[in-house]
Amino acid sequence: MKFTLNWLKQYLDLDLTATELADRLTMAGLEVEAVEPLFVGLDLVKVGRVTAVAPHPNADKLVLCTVEVGAETRRVVCGAPNARPGLVTAIALPGAVLPSGMTIRISKIRGEISEGMLCSEKELGISEAHQGGIMELSADLASGRDLVEALELADTMIEVDLTPNRADCASVIGLAREAGSFVGRHLTAPIAGELPALTSANLPFVVQVQAAADCPRYVARLLKGVTIGPSPWWLRRRLLAVGQRPINNVVDITNFVMLEYGQPLHAFDFACLAGGRVEVRRAMAGEQLQTLDGVTRDLNPEMLLICDAEKPVAVAGVMGGANSEVHPATTEVLLESACFNPMSVRRTSRVLGLGTEASYRFERGVDPQLAPQAMERAVRLLCEITGATAVPGGVDYREGVKPRPTITMRVTRTNDLLGLNLDADTIVRHLASIEIPAVKQADETIAVAPPSFRIDLEREIDLVEEVARLVGYNDIPTSLPMVPMCFPEQDAARLMRKRLAGIMIALGFYEAINYSFVGARHCDMLGLAAGHAARCCVPLLNPLGEDQGVMRTMLLPGLLENVRRNINFQTTDVRLFEIGKVFHPVGDAQPHEKMHLTAVLTGRRKPRSPVVHFGGALVDIFDAKGVVDAILDGCRLPQLAFVPASDGEIAAPDQFIRLMVDGQEAGQFGQLSLKVAKEFGIKQPLFYLDIDLEVLSGLPPAVIQCLPLARFPAVRWDLAVVVAEEVRAGDLVAAIYAAAEPLVEKVELFDIYRGKPMEKGRKSVALSLTYRANERTLDDATVGAVHTRLTDMILTRFKARLREV
Amino acid sequence: MEAELHRLQTEARAALTASVNALGLEAFRVKYLGRKGLFTTVMRALGDVPVAERPRLGKLANDVRQELEEAFAAREAELAGSQMAVGAPRSDLTLPGRLAPFGKSHPVTQVMEEVCAIFEGLGFAVAEGPDVELDYYNFEALNIPPHHPARDMHDTFYVSDSVLLRTHTSPMQVRAMQKAAPPLRMIAPGKVYRCDSDITHTPMFHQVEGFLVDRKVSFGDLKGVLSVFIAKMFDKKTPIRFRPSFFPFTEPSAEVDIGCVICKGEGCRVCKKTGWLEILGAGLIDPAVFKMVGYDPDAYTGFAFGLGMERIAMLKYGITDIRMFYENDLRFLSQF
């Protein structure tokens, strides 16, 4: 809502500056968005009178004007068609800087000296109007005056960001009422109080309202002898100052009164209303109407219309129809000042995708008592400005206007809620300052009759808020709640996520956060099969774009996009993880949401260390495996099994491992297949891991049972065997553990060697076995016996031979 | 024997150079210089050489052994890293350190954890809810019926007529109150969504919603709790002001401003020359919400508040474009 300081002062004796007023409004809950001085930079623009016009010797379209500016005379070259002797207009003198940035100088135009510039409204930033040429000012303005002063342009525009509850402040009068409480004065509205009732006898038109719920009030009057023309300057200035485009006197008056009172009005060309009839009804199926903006609208039976005897002529509360628009030849105007159901207007405006100043106000609710006042104000202005006469009487349909119940306000309750200690008289006084009539009752309550203009005040709590507002939030003393001590339960899943994040960070990963919605094409880029579970997404009905069209079912694609971005910006060592939700549809209900941990690693193994220490070795699958090991160790979940598999859809062959527990997949990791990497524009090897935290958080972590520390030394014996290439080193280690020799403490793989002197297709695997007894130092004979048993077992089971030293 | 000594010397030198760690050095020591080592074995053979040769070979053996022991000591010192043997080249300490792996939390997470920690310290429980929420919890139960103009304050992503992406974490208020009787103290951190995207809006962002319900909770209490929070989150001296506002689920409703952290109240671009920054929405829980969850609005009162994490992170860290949070550029992430 925009207004100007001077406009507001028209109704209220206010001695605040624009900035002070803006601050007070903001602190009263009417947040000021902007305070803009209007028409600045017009210091050197004066009123000038053209005394003579002569042809330009060197240009057909230009003329030489002699302009009287007070005592001075200026010679100005001008191209405007309306430059003529006797015209009073605006002249920008040398040195003036116009709003367009143009600086006026004494210059030669086609060989003739020009000592200034005659200006149009557009050139001065006053309006968009340009067509007629330079400004045509009232002939009685004395030349030489400052234009700003002569036209009373100096003013400040203030824009308030209204909250939906303050419908009353979508009007200058509403804001003036509120401002009245800042200075302890009440406003004077142009029309106020009870107006004489309108009689509908002998009218040349009838109004019929179908449902009072849709249209609680409908006031209509007829004006004859209207002359359509431009509005007087004062009216245009008001509209221009708040960014509205003047159209013609009738339309400008309806807009002005709407801004002044908050009551939208509509003017119909009465000659276009068939049968002299106004019907307020719902649309019929298939009806259409071309609205004032030239768009033909399909109407549906939910929408409320204004119709004549034959056809729709307006969408009620939203926009008028082109078929009954006021035009230059209009002489009879039927003026509508009505109140429509907020929900109905809102629904219609949504469906049509058409929001207007009128629908904005009706959606928030218009005081039903405003209709006759705004009507009276507009009728008076129309008579004064357009030369019209009002047909006596009119229609005032008001069956939908409900009386409003008195609200009982408890003084104790008010004080308890606010933490204040006000007495009833103080509360009454506060409410009276914004014209809310309140009466103190005998039982420490206050009876409040909510004024019609505050349609938002319905309950005790609404009044409590008013009191808080009027006291000032910052004057309410600060306290701390007295609440019983308790220990809030902690969410185990959240704790696990924090633990996991800690582990990932310790392992050198940075946390990423990606949008929960992604493009459906991610599944194609990953090459997922047609029926893949991840392809079954929850789509959004109104996404911002195709690449944010569905809720994600995997975190990996987002991270891959992040990797590409980083590589594009020359960061090629990337370790990122994300802990976030994926979404799987469940019929029409809310989707199933579950947390995943996904990480990607690519680039050098020691990304933060210089090559001088570590060379440039790149990460491989075992780095990924080590990360998974660390996660499982950190979460104390040794029961997960690593199962190498070859059916990974996005992983490279032989570079894919599933994490299994109780026959269920808890996650997977591997190298991203080159094909998928290419789809994401990644040209370097990339490893990923993905863990389903729903599965993980369902697993019992291993109980911590501290073991005593060994007191006797261990001995290490090595075992190097030559086996076939197909034999997996991990199986050798597992076999030794499986033999369950009590003295074996640890088996470590320390070397794998291929090449001479071994034949092709065989490799040497070297293991280091740690033996220890808890109660004594082991001797060679004891260890030797066990070591031989294990060696024989390995040789037989894996068809191995000992490697000669 | 002389040939044997020379061969041993060459082999030992090579082995020493090949020893790259303490384990390797120890193996070297045992193999060559130990009590049962190869040198001892060779020295034992000194008894078998002719007497005339003994002094020369004895000296040679000693020289070789001494050289190897010195080389061993030097290698040991070198590998130990710091204590250099005399005459050996000095460490170039301008070489960069070997950095241990170390990542970082996302700045939004950092701020969110900081906010949660402050309220947890005040005894608030932490609860999370679904991102894809029912219209009922996101709007209706919060006193925002269909076709209410307050819905304009939320540009909502819809999944169906009745299912949407939550526009705030306030639905947790209703879910929690439906589950438990007062007193309740809870915060709900999480992702929220609005269809809006520009330099100050992303379609997804993070919010922490908090509320407290008990008997006789007042607006003064709300001011008190939020003042404590702001003093901890920013600075003890940060000025605070409360302004009337409107949220359908609170009444009285307030916006909370803090003195601009950039210009210290002088007026700058970030605070639009007002000297104040809006960081929180809050208010007393509307009785209509209590009725929705079956609480007696005359018996219980409470307050609720909500704040955006990105905004706080932007203010704290001087981030000017909100979209940077979701690009996950390591040059950005590594700064926090």
Side-chain angles (χ1 to χ4, degrees), chain A residues 26-29 163-165 343 346-347 363-364 416-419 461 465 468-469 473-474 476-481 483-484 488-489 491 494 501 504-505 507-516 538 540-542 544 562 565-566 569 571 574 576 581 583 588 590-591 593 608-610 612-613, chain B residues 95-96 98-99 101-106 108-109 123-126 128 130-132 134 147 149-150 157-160 163 183 185 191 195 197 203-204 212 214 216-221 223-225 227 241-246 251-252 254 284 286-287 301 325-331 333-334:
Chain A
T26 294
M27 294 312 288
T163 52
N165 57 327
M343 238 149 51
R346 183 176 164 85
R347 221 168 16 224
E363 277 178 26
R364 282 158 176 73
D416 283 352
L417 280 169
L418 299 180
I461 192 73
E465 180 173 62
R469 222 163 54 79
Y473 281 12
N474 295 304
I476 294 174
T478 294
S479 52
L480 281 171
V483 289
E489 280 312 314
D491 178 355
R494 181 175 144 83
M504 296 309 288
I505 287 163
L507 295 172
F509 287 78
Y510 285 86
E511 187 191 13
I513 301 180
N514 283 293
Y515 290 148
S516 301
V538 179
L540 297 180
L541 293 180
N542 55 333
L544 284 180
N562 300 153
R565 180 192 161 85
N566 277 291
F569 284 100
T571 310
V574 184
L576 287 171
K581 282 177 180 173
F583 303 80
D588 293 334
Q590 281 170 275
E593 302 182 3
R608 283 160 50 86
S609 273
V612 65
H613 292 312
Chain B
L95 291 183
R98 285 189 192 97
L99 295 178
F102 181 71
K104 283 172 181 175
S105 285
H106 194 280
V108 166
T109 307
F124 283 72
V126 181
E128 291 166 347
D131 289 26
V132 184
L134 297 176
H147 305 293
F157 285 113
Y158 284 93
V159 167
S160 71
V163 182
R185 256 178 293 175
K191 295 185 164 96
C195 5
S197 187
M204 181 185 89
L212 182 150
D214 202 351
K216 299 229 165 193
V217 177
S218 75
F219 196 79
D221 294 338
K223 287 184 65 181
V225 167
S227 301
R241 73 174 190 186
F242 292 75
R243 288 188 278 118
S245 188
F246 171 78
E251 187 153 15
L284 293 185
D286 195 292
T301 53
F325 286 115
Y326 301 106
E327 288 166 348
N328 299 310
D329 191 315
L330 283 166
R331 293 168 301 169
L333 296 176
S334 60

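By convention in this document, chain letters (A, B, ...) are assigned in the order of the sequence lines, proteins followed by strands, and residues within each chain are numbered from 1. What you see is a predicted model, and the numbers here were worked out from it, not measured in a lab.
- Taken to the nearest 0.5 Å, the CZ atom of R243(B) stands 7.0 Å off from the CE atom of M27(A).
- K223(B) contributes atom NZ, which lies 10.5 Å from atom OH of Y473(A) (distance to the nearest 0.5 angstrom).
- The two atoms that bring T478(A) and G224(B) nearest to each other are CG2-CA, 3.2 Å, heavy atoms only.
- Between L330(B) and L576(A), some side-chain heavy-atom pair lies under the 4.5 Å cut-off.
- Taken from CZ in F102(B) to CZ in F509(A), the straight-line distance is 14.5 Å, to the nearest 0.5 Å.
- Distance NZ/K191(B) to OG/S516(A): 5.0 Å, rounded to 0.5 Å.
- Residue with the most contacts toward chain B among V574(A), T571(A), N165(A), D416(A): N165(A) (heavy-atom pairs, distance under 4.5 Å).
- Taking the side chain as every heavy atom from C-beta outward, L418(A) and P252(B) approach each other to under 4.5 Å.
- Both the backbone and the side chain of A512(A) come within contact range of chain B, judged by heavy atoms closer than 4.5 Å.
- If you measure heavy-atom distances from E363(A) to chain B, the contacts under 4.5 Å come from both the backbone and the side chain.
- V163(B) touches chain A through its side chain: at least one heavy atom from C-beta onward sits under 4.5 Å away, while N, CA, C and O do not.
- Between E593(A) and V132(B) the shortest side-chain heavy-atom distance falls below 4.5 Å.
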Evaluate L417(A) against L284(B) for side-chain contact (heavy atoms from CB on, under 4.5 Å), listing each step before the verdict. CA-CA 8 Å; L417(A) 280 169; L284(B) 293 185; 3.9 Å; yes
For V126(B) and R494(A), what are the C-alpha separation, side-chain angles and deciding distance, and is it a side-chain contact (heavy atoms from CB on, under 4.5 Å)? CA-CA 9 Å; V126(B) 181; R494(A) 181 175 144 83; 3.5 Å; yes
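- S105(B) touches chain A through backbone and side chain together, each having a heavy atom under 4.5 Å away.
- For the set M343(A), R347(A), R364(A), the count of heavy-atom pairs under 4.5 angstrom toward chain B peaks at R347(A).
- A salt bridge does not link K104(B) to E511(A): none of the charged nitrogens lies less than 4.0 Å from a carboxylate oxygen.
- Taking P488(A), S479(A), P484(A) one by one and counting their heavy-atom pairs under 4.5 Å with chain B, the maximum is reached by S479(A).
- Here F157(B) contributes atom CZ and L540(A) contributes atom CG; the two are 6.5 Å apart, rounded to the nearest 0.5 Å.
- Side-chain N or O atoms of N566(A) include none that pairs as donor or acceptor with a backbone N or O of D329(B) at under 3.5 Å.
- With a threshold of 4.5 angstrom between heavy atoms, R565(A) approaches chain B through side-chain atoms but not through N, CA, C or O.
- Interface residue L134(B): backbone and side-chain heavy atoms are both found under 4.5 Å from chain A.
- L212(B) and P481(A) get closest at one heavy-atom pair: CD1-CG, 4.0 Å.
- With a threshold of 4.5 angstrom between heavy atoms, V538(A) approaches chain B through side-chain atoms but not through N, CA, C or O.
- The part of P477(A) that comes within reach of chain B is its backbone (N, CA, C, O), which places non-hydrogen atoms under 4.5 angstrom from that chain.
- Judged by distance alone, the side chain of Q590(A) and the main-chain N or O of P130(B) form no donor-acceptor pair under 3.5 Å.
- By number of non-hydrogen pairs under 4.5 angstrom with chain B, the leading residue of N514(A), I476(A), D491(A), N542(A) is N542(A).
- Chain A forms more heavy-atom pairs under 4.5 Å with one residue of V217(B), D286(B), V108(B) than with any other, namely D286(B).
- Here the straight-line distance linking atom CD1 of I505(A) with atom NE2 of H106(B) works out to 11.5 Å at 0.5 Å rounding.
- At a 4.5 Å heavy-atom cutoff, the contact between P203(B) and chain A is made by backbone and side-chain atoms alike.
- The two residues L541(A) and S160(B) make their nearest non-hydrogen contact at CD1-CA, 3.7 Å.
- For D214(B), the part sitting under 4.5 Å from any heavy atom of chain A is the side chain, from C-beta outward, and nothing else.
- Of the listed residues (L507(A), I513(A), V483(A), D588(A)), the greatest number of heavy-atom pairs within a distance under 4.5 Å of chain B belongs to I513(A).
- With hydrogens and angles ignored, the 3.5 Å screen pairs no side-chain donor or acceptor of E465(A) with any backbone N or O of E251(B).
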